[in-house]
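Taking it in order: structure first as structure tokens, then the write-up.
Along the sequence shown, residues carry numbers from 1.
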Amino acid sequence: QVQCVESGGGLVQPGGSLRLSCAASGIMFRIYTMGWYRQAPGKQRELVASIRSSGLTDYADFVKGRFSISRDNAKNTVYLQVSSLKPEDTAVYYCTIVGYDSWGQGTQVTVSS
């Protein structure tokens with residue numbers, strides 16, 4: 001089965017940064033477009049950023065200039081560098097194949113003073 005294990009979340013002050021990691025298994029990782037999503041309590045899950053097998057990236061408007069997605073195909077890992085964090089970035093962050101309706105535990109990012 002496809003499995004993506006997220007890590008790297010935590011509690012950070014506004015303006016701070018974190019690097020989230022996602023280790024994938026059970027797939028031919030290098031051929032898929034991978035995405036980071038997030039979901040805050042009471043809100044819809046939303047796509048934050050994606051990265052194609054070629055390395056081409058795309059971002060939601062609300063994170064452009066602050067977040068950066070990357071991948072290491074040799075390690076079957078995708079990363080999300082989150083910077084200039086705002087309280088509204090607080091959410092559980094998930095990683096999966098774009099368009100694939102399966103979700104792991106995610107990693108919690110909490111932005112608070």
Side-chain angles (χ1 to χ4, degrees):
Q1 309 93 301
V2 177
Q3 184 175 10
C4 300
V5 180
E6 302 92 343
S7 63
L11 175 64
V12 64
Q13 294 185 353
S17 300
L18 291 168
R19 193 187 196 204
L20 311 183
S21 297
C22 170
S25 63
I27 60 170
M28 190 177 291
F29 176 82
R30 66 177 182 83
I31 72 171
Y32 290 102
T33 298
M34 302 297 297
W36 280 97
Y37 299 74
R38 71 185 186 187
Q39 187 169 32
K43 297 183 179 179
Q44 300 262 348
R45 182 182 286 111
E46 59 188 353
L47 178 63
V48 174
S50 63
I51 183 165
R52 298 185 182 185
S53 60
S54 65
L56 186 66
T57 59
D58 194 25
Y59 298 92
D61 287 342
F62 53 83
V63 302
K64 284 183 177 178
R66 300 191 298 120
F67 292 8
S68 180
I69 189 170
S70 61
R71 67 194 296 162
D72 186 338
N73 288 339
K75 296 181 178 180
N76 285 8
T77 301
V78 60
Y79 305 95
L80 186 70
Q81 179 72 38
V82 296
S83 303
S84 301
L85 286 165
K86 307 173 182 179
E88 54 263 42
D89 294 319
T90 296
V92 178
Y93 285 71
Y94 301 90
C95 171
T96 193
I97 298 171
V98 172
Y100 183 74
D101 190 22
S102 182
W103 309 96
Q105 293 182 349
T107 186
Q108 175 73 48
V109 173
T110 302
V111 185
S112 176
S113 298

Minimum heavy-atom distance between Gly104 and Tyr94, given as atom pair plus value = O-CE2, 3.4 Å
key: Ile31-Leu56 co-clustered via ILVMFWY side chain contacts under 4.5 Å   = no
request  = Answer yes if the ring centres of Trp103 and Tyr37 are under 6.0 angstrom apart, and no otherwise.
outcome  = yes
query = Under 6.0 Å from the CD atom of Gln105, do we count more than 12 heavy atoms belonging to anything else shown?
reply = no
inquiry  = Side-chain heavy atoms nearer than 4.5 Å, only ILVMFWY residues, links allowed to pass through others: does that put Trp36 and Tyr79 together?
reply    = no
key: Minimum-distance pair of heavy atoms, taken over all atoms of Cys4 and Ala24   = SG-CB, 4.1 Å
query = CZ/Phe67 to CG/Leu20 distance, rounded to the nearest 0.5 angstrom?
reply = 8.0 Å
ask   = Is Leu11 close to Ser112 at the side-chain level, that is, under 4.5 Å between some pair of heavy atoms?
value = yes
inquiry  = Please evaluate residues Asp89 and Val82 with respect to the criterion side-chain contact (heavy atoms from CB on, under 4.5 Å), reporting the C-alpha separation (whole Å), side-chain torsions for both, the decisive distance (0.1 Å), and the verdict.
reply    = CA-CA 9 Å; Asp89 294 319; Val82 296; over 6 Å; no
key: Nearest non-hydrogen partners of Leu47 and Phe62, listed with the distance   = O-CZ, 4.0 Å
inquiry  = Please report the interatomic distance SG(Cys95) to CD1(Ile69), rounded to the nearest 0.5 Å.
reply    = 7.0 Å
task = For residues Glu6 and Tyr93, determine if any side-chain heavy atom of one lies less than 4.5 Å from a side-chain heavy atom of the other.
result = no
ask   = Tell me, do Arg38 and Leu80 make a side-chain contact under 4.5 Å, heavy atoms counted?
value = no
key: Any side-chain heavy-atom pair of Tyr59 and Arg66 under 4.5 Å   = no
remark   = When rounded to the nearest 0.5 Å, the distance separating OG1 of Thr110 from CD of Gln13 is 13.0 Å
ask   = Would a distance-only check, ignoring hydrogens and angles, find a side-chain to backbone donor-acceptor pair under 3.5 Å from Thr96 to Ser102?
value = yes
ask   = Can you check whether Met34 reaches Ile97 side chain to side chain, under 4.5 Å on heavy atoms?
value = yes
task = Compare every heavy atom of Ser50 with every heavy atom of Val98, then report the nearest pair and how far apart it is.
result = CG2-CB, 4.0 Å
Heavy-atom donor-acceptor pair, Thr90 side chain to Val111 backbone, under 3.5 Å = yes
task = For residues Gly106 and Val92, report the shortest heavy-atom separation together with the two atoms involved.
result = CA-CG1, 3.8 Å
ask   = Is the shortest distance from a Lys or Arg side-chain nitrogen in Asp61 or Lys64 to a carboxylate oxygen in the other one below 4.0 Å?
value = yes
query = In the single-linkage hydrophobic clustering (I, L, V, M, F, W, Y; side-chain heavy atoms under 4.5 Å), do Phe29 and Tyr100 co-cluster?
reply = yes
ask   = Is the side chain of Arg30 donor-acceptor paired with the backbone N or O of Asn73 at a distance under 3.5 Å, no angle test?
value = no
message = Please tell me whether Val63 and Leu85 are part of a single hydrophobic cluster in this structure, the criterion being side-chain heavy atoms less than 4.5 Å apart.
response = yes
query = Is the number of heavy atoms from other residues, nucleotides or ligands under 6.0 Å of Arg52 CZ greater than 12?
reply = no
